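Here the structure comes first, spelled out in structure tokens, and everything after it is commentary.
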Amino acid sequence: MADPVTHRQPSLAERAMAARGEAAAIGYLANLNPEQRAAVETIDGPVLVLAGAGTGKTRVLTTRIAHILASRRAFPGEILAVTFTNKAAREMKERIGHLVGEAVEGMPWLGTFHATGVKMLRRHAELVGLKPGFSILDTDDQIRLLRQLIQAENIDEKRWPARVLAGAIDGWKNRALTPDKVPAGEGGAYANGLGVKLYKDYQDRLKVLNAVDFGDLLLEVIRLFRENPDVLAHYQQRFKFLLVDEYQDTNVAQYLWLRLLAQRQEGRPQNICCVGDDDQSIYGWRGAEVDNILRFDKDFPGATVIRLERNYRSTGHILAAASHLIAHNEGRLGKTLFTDGEDGERPTLTSVWDSEEEARSVGEEIEQLQRQGHALNEMAILVRASFQMREFEDRFITIGLPYRVIGGPRFYERLEIRDALAYLRCVAQPADDLAFERIVNTPKRGLGDATLQLLHDHARARNVPLMQAARVMVETEEFKPKARNALKSLIDAFDGWAAKLDTLPHQELAELVLDESGYTEMWQKDRTAEAAGRLENLKELVRSMEEFENLAGFLEHIALVTDARGEGESDDAVSIMTLHSAKGLEFDSVFLPGWEEGLFPHQRALDESGRAGLEEERRLAYVGITRARRNARIYFAGNRRIHGLWQSTVPSRFVNELPEGHVTIAEGLGTSGYGGMGRGGFGESRFDKAGAFSSTYATPGWQRAQAQKSLADAQGRFTGRSGSQAFGSTFAEGRGGFQGRLTERSGGGRTIDGELVAKSTGEPSRHKVGDRVFHLKFGYGEVVAADGNKLTVQFDKAGEKKVVDSFVEAA
């Protein structure tokens with residue numbers, strides 16, 4: 001029977017599939033709970049399914065499609081179902097095929113947003129200035145093309161990298177902004193106002209090349225629909241049902257694409273069903289708009305909202321803790337997860353002295369679970385920032401515990417770490433050709449393949465290392481002046497660093513190498529989402545060097561660690577990953593370290609997005625807890641050591657938002673900061689005995705640490721501000737490099753790599769010009785200027801420094 005609107009005759013395959021589906025689907029509703037069944041059977045009109053973690057979202061989505069097919073409401077080619085990943089699309093096809101009794105070859109419009117977009121674009125390519133056989137550029141091709149355009153404009157690419165422009169263009173396309181729609185302020189941020197022109201030139205060049213990038217796969221379809229109403233009407237009439245997975249993760253372009261397809265047509269209901277969870281919207285940093293799901297009922301008046309709150313994954317205490325935490329968010333539609341199963345063990349909260357003890361404690365807990373018969377595959381460590389992985393990896397290698405890193409390479413195998421280690425290897429061992437070859441043109445110095453080939457030729461002819469060959473060749477005319485000068489500067493730099501091997505602490509030397517080589521600056525200028533994490537990883541690498549006597553010992557340790565990586569590998573291994581990578585996964589036991597202010601919630605999220613950033617961080621905490629089936633174990637450290645200096649921290653505000661009745665405080669461990677909760681601090685903390693870093697809370701509701709104790713004051717590393725200001729902003733300086741802000745003190749001062757950059761209070765200092773004073777780090781000196789409580793002191797050994805008077809005392 002033909003479709004009465006499109007007059008399209010279904011194919012024989014579609015008819016056969018629908019018939020078999022109707023027969024096979026009998027009884028499938030019996031496996032659903034009442035809420036799931038309502039979500040499956042409510043197929044007319046707009047429907048929003050709020051599917052909490054572990055509530056059977058995928059089952060509902062696939063069963064709904066099977067139900068539409070089985071009830072003969074549409075043929076397979078009349079259903080548009082979009083997902084975010086190819087894996088999710090494959091899983092949906094397999095499940096639908098199981099329900100209807102065969103593989104789902106007859107559903108051509110089930111796939112990712114981009115796969116669906118490219119299919120539409122190829123059918124109508126000429127209408128947007130393309131040919132059907134257009135190419136799709138990957139990131140490397142895109143950057144190479146942008147680099148050509150930047151050079152044509154005589155723009156200094158070192159100052160304005162192509163990768164930065166690529167990130168900006170991708171962001172504009174995610175918001176469906178063509179060059180003429182980009183806000184003036186944003187377009188002027190790149191290359192002194194040339195950003196929009198380069199964007200337009202880039203789009204024009206793509207047309208000449210008959211190519212698109214990934215952003216165009218939706219942007220060009222949106223333009224196609226807007227400029228060709230007949231094409232839009234064709235698809236609106238074709239698709240009787242629209243289904244969207246993970247709706248909370250849609251960006252502006254995806255949202256507009258869907259809205260255009262779902263526009264109300266006379267005589268046709270808006271049969272759109274979006275499935276998602278506003279409490280799991282954690283990708284705002286890459287363009288996702290949680291508001292898309294929050295305003296669904298306004299976009300589609302009369303929409304039915306169905307909440308799936310019955311959880312089949314976690315125990316009662318885990319769900320109660322997660323629900324209580326996420327309830328602190330204001331921007332949510334609201335639901336409360338529950339289970340018909342057992343309450344199980346309460347999530348545990350453990351305070352540790354520092355990150356080293358944190359890794360040791362987690363390792364011991366895992367080994368204990370393993371002795372009890374728990375599989376390592378069912379355990380995961382979920383960190384907020386990738387630099388946290390290093391401590392756990394080192395610990396697990398030491399104790400021989402098998403592990404795997406999900407969503408990225410192991411710490412010492414990451415690109416930025418391998419680059420940094422290559423620099424250090426060249427300093428310690430100038431004959432290391434592999435290391436030299438890796439970094440000779442990183443960052444870009446104009447030393448390309450031709451230069452490297454000449455170096456190789458000379459090195460082989462003289463049987464000498466590449467660096468020695470370079471020393472000789474920079475004194476000749478073999479190279480062009482630009483390459484010769486760049487190579488000479490690099491060799492001189494290595495000579496200077498090598499001369500400091502025996503005089504400068506090796507961790508300080510590492511900072512110096514990464515700064516003076518331009519490597520840190522390269523990532524500071526990079527505006528991609530990964531750059532901030534790479535800088536944090538570099539900081540963690542430098543921090544890890546403190547445990548070793550010298551650079552040679554550190555490099556030997558790294559060689560042994562990386563060489564031994566396969567020894568403990570097995571099919572049964574603990575998973576280590578970031579919280580963002582963990583979405584959609586589940587484990588019996590989940591370890592959640594680093595719940596400290598400034599790290600989690602991350603200071604950068606608070607600084608850049610305010611309340612919205614805080615709420616997304618809280619959703620990330622919710623995602624972390626709900627990955628656990630049976631055990632959730634949360635840790636926070638009282639101290640983090642940054643560049644060899646102790647920085648005290650306070651527990652994350654999320655710690656105090658956990659419900660007392662559903663959380664167990666680990667016995668015998670310090671609980672500094674996790675105060676109140678009706679018991680005034682859960683007894684004595686070993687931090688109280690330590691004196692230096694103790695802090696108490698008068699109420700359960702997150703108060704700041706009180707008066708600093710003597711050791712913290714003397715070291716100048718205690719961080720604290722009142723109110724909702726965050727602690728531990730070391731972790732926030734994603735693009736700050738090694739010169740970034742480390743801590744902030746109550747009273748307004750800030751320390752930068754140990755040097756205090758003071759903010760004057762205006763109150764006169766007790767120290768006067770000419771007074772002799774003593775500073776714990778800089779030693780003795782004489783006050784040469786005073787501005788309120790800010791002093792300029794000429795130290796005998798450290799030179800002139802600006803300090804706050806509370807850090808010095810009369811000599």
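Values in this document were obtained by computation on a predicted structure and should not be read as measured data. Start at 1 with the first residue, then count along the sequence. These numbers come from the heavy atoms of this one structure, side chains and all, not from hydrogens, waters or symmetry mates.
- Shown here for Ile439 and Cys426, the closest heavy-atom pair between the two residues is CD1-SG, 4.4 Å.
- Between Val405 and Glu413 there is no side-chain heavy-atom pair separated by less than 4.5 Å.
- We find the CG-OG1 distance between Asp515 and Thr520 to be 4.5 Å, quoted to the nearest 0.5 Å.
- Of the possible donor and acceptor atoms, one in the side chain of Asn441 sits under 3.5 Å from a partner among the backbone N and O of Leu447.
- Using modelled atom types, one side-chain atom of Glu357 and one backbone atom of Trp353 make a donor-acceptor pair closer than 3.5 Å.
- What you find for Leu146 and Ala162 is that their closest heavy atoms are CD1-O, 4.0 Å.
- Applying the salt bridge (charged side-chain N to carboxylate O under 4.0 Å, His left out) criterion to Lys525, with sequence neighbours excluded, gives Glu521.
- Here Phe479 pairs with nothing under the ring pair (Phe, Tyr, Trp, His ring centres under 6.0 Å) rule; sequence neighbours left out.
- Legend: residues meeting side chain to side chain donor-acceptor pair (under 3.5 Å) with Glu157, ordered by chain and number and at least two apart, are Arg147.
- Counting heavy atoms from C-beta on, the side chains of Glu596 and Ser652 never come closer than 4.5 Å.
- For Asp449, the CG atom sits in a loose shell: 12 or fewer heavy atoms of surrounding residues, nucleotides or ligands are nearer than 6.0 Å.
- Phe554 is linked by a ring pair (Phe, Tyr, Trp, His ring centres under 6.0 Å) to Phe548, counting only residues two or more places apart in sequence or in another chain.
- Looking only at side-chain heavy atoms (C-beta outward), Tyr202 and Leu149 come within less than 4.5 Å of each other.
- For Gln468 against Val464, the heavy-atom pair with the smallest separation is NE2-CG1, 3.7 Å.
- Counting heavy atoms of neighbouring residues, nucleotides and ligands inside a 6.0 Å radius, atom CG of Asp502 does not exceed 12 of them.
- Checked by atom type and distance alone, the side chain of Glu153 never pairs as donor or acceptor with a backbone atom of Leu198 at under 3.5 Å.
- Each side-chain hydrogen bond (donor to acceptor under 3.5 Å, both in side chains) pair with one or both residues in residues 416-435, not counting sequence neighbours, appears once here: Glu416-Arg534, Glu416-Asn537, Asp419-Arg438, Asp419-Tyr519, Tyr423-Arg445, Arg425-Asp432.
- Residues meeting the side chain to side chain donor-acceptor pair (under 3.5 Å) test with Arg175, sequence neighbours left out: Glu186.
- When side chains are defined from C-beta on, Glu616 counts as touching Trp285, because their heavy atoms get closer than 4.5 Å.
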Checklist entry - Taking it one step at a time, do Gln507 and Val542 satisfy side chain to side chain contact (heavy atoms under 4.5 Å, CB included)? => result CA-CA 6 Å; Gln507 64 267 31; Val542 172; 4.1 Å; yes
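- Applying the ring pair (Phe, Tyr, Trp, His ring centres under 6.0 Å) rule to Phe392 yields no partners; only residues at least two apart in sequence or on another chain are considered.
- Listed here is the closest heavy atom pair of Leu538 and Ala420: CD2-CB, 3.8 Å.
- Evaluation of the ring pair (Phe, Tyr, Trp, His ring centres under 6.0 Å) rule for Tyr190 yields Trp160 as partners, not counting sequence neighbours.
- Of the possible polar contacts, none joining the Ser609 side chain to the Ala612 backbone as a donor-acceptor pair under 3.5 Å is found.
- With sequence neighbours excluded, the residues forming a side chain to side chain contact (heavy atoms under 4.5 Å, CB included) with Ala621 are Leu325, Trp595, Phe600, Phe654, listed by chain and number.
- Shown here for Ile491 and Ala470, the closest heavy-atom pair between the two residues is CD1-CB, 3.8 Å.
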Item to check | Residue pair Val574, Ile381: steps toward the side chain to side chain contact (heavy atoms under 4.5 Å, CB included) verdict | outcome: CA-CA 8 Å; Val574 178; Ile381 300 170; 4.3 Å; yes
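- Qualifying salt bridge (charged side-chain N to carboxylate O under 4.0 Å, His left out) partners for Lys488, counting only residues two or more places apart in sequence or in other chains: Asp492.
- Of the possible donor and acceptor atoms, none in the side chain of Glu536 sits under 3.5 Å from a partner among the backbone N and O of Ala385.
- A side-chain donor-acceptor contact under 3.5 Å links Glu358 to the backbone of Gly594.
- With respect to the salt-bridge test (charged N to carboxylate O, under 4.0 angstrom), the residues Asp170 and Lys173 do not qualify.
- Remark: Asp394 engages Arg390 in a salt bridge, criterion side-chain N to carboxylate O under 4.0 Å.
- The shortest heavy-atom contact between Leu466 and Ala459 is CD2-CB, 4.0 Å.
- Arg384 is linked by a side chain to side chain donor-acceptor pair (under 3.5 Å) to Glu617, counting only residues two or more places apart in sequence or in another chain.
- Under 4.0 Å is where a charged nitrogen must lie from a carboxylate oxygen, and between Glu391 and Arg543 at least one such pair does.
- Side-chain atoms of Glu437 and His456, non-hydrogen and from C-beta on, do get closer than 4.5 Å to each other.
- Side-chain atoms of Tyr635 never come within 3.5 Å of backbone atoms of Ser355 as a donor-acceptor pair (strictly under, hydrogens ignored).
- Geometrically, Arg410 engages Tyr403 in a cation-pi contact, judged by NZ or CZ lying under 6.0 Å from the ring centre and within 45° of the ring axis.
- Around CD of Glu549, the count of heavy atoms belonging to other residues, nucleotides or ligands within 6.0 Å does not exceed 12.
- Side-chain contact check for Leu177 versus Pro183: some heavy-atom pair is nearer than 4.5 Å.
- Considering only residues two or more places apart in sequence or on other chains, Thr451 meets the side chain to side chain donor-acceptor pair (under 3.5 Å) condition with none of them.
- One finds the CG atom of Asn639 at 6.0 Å from the OG1 atom of Thr649 (value rounded to the nearest 0.5 Å).
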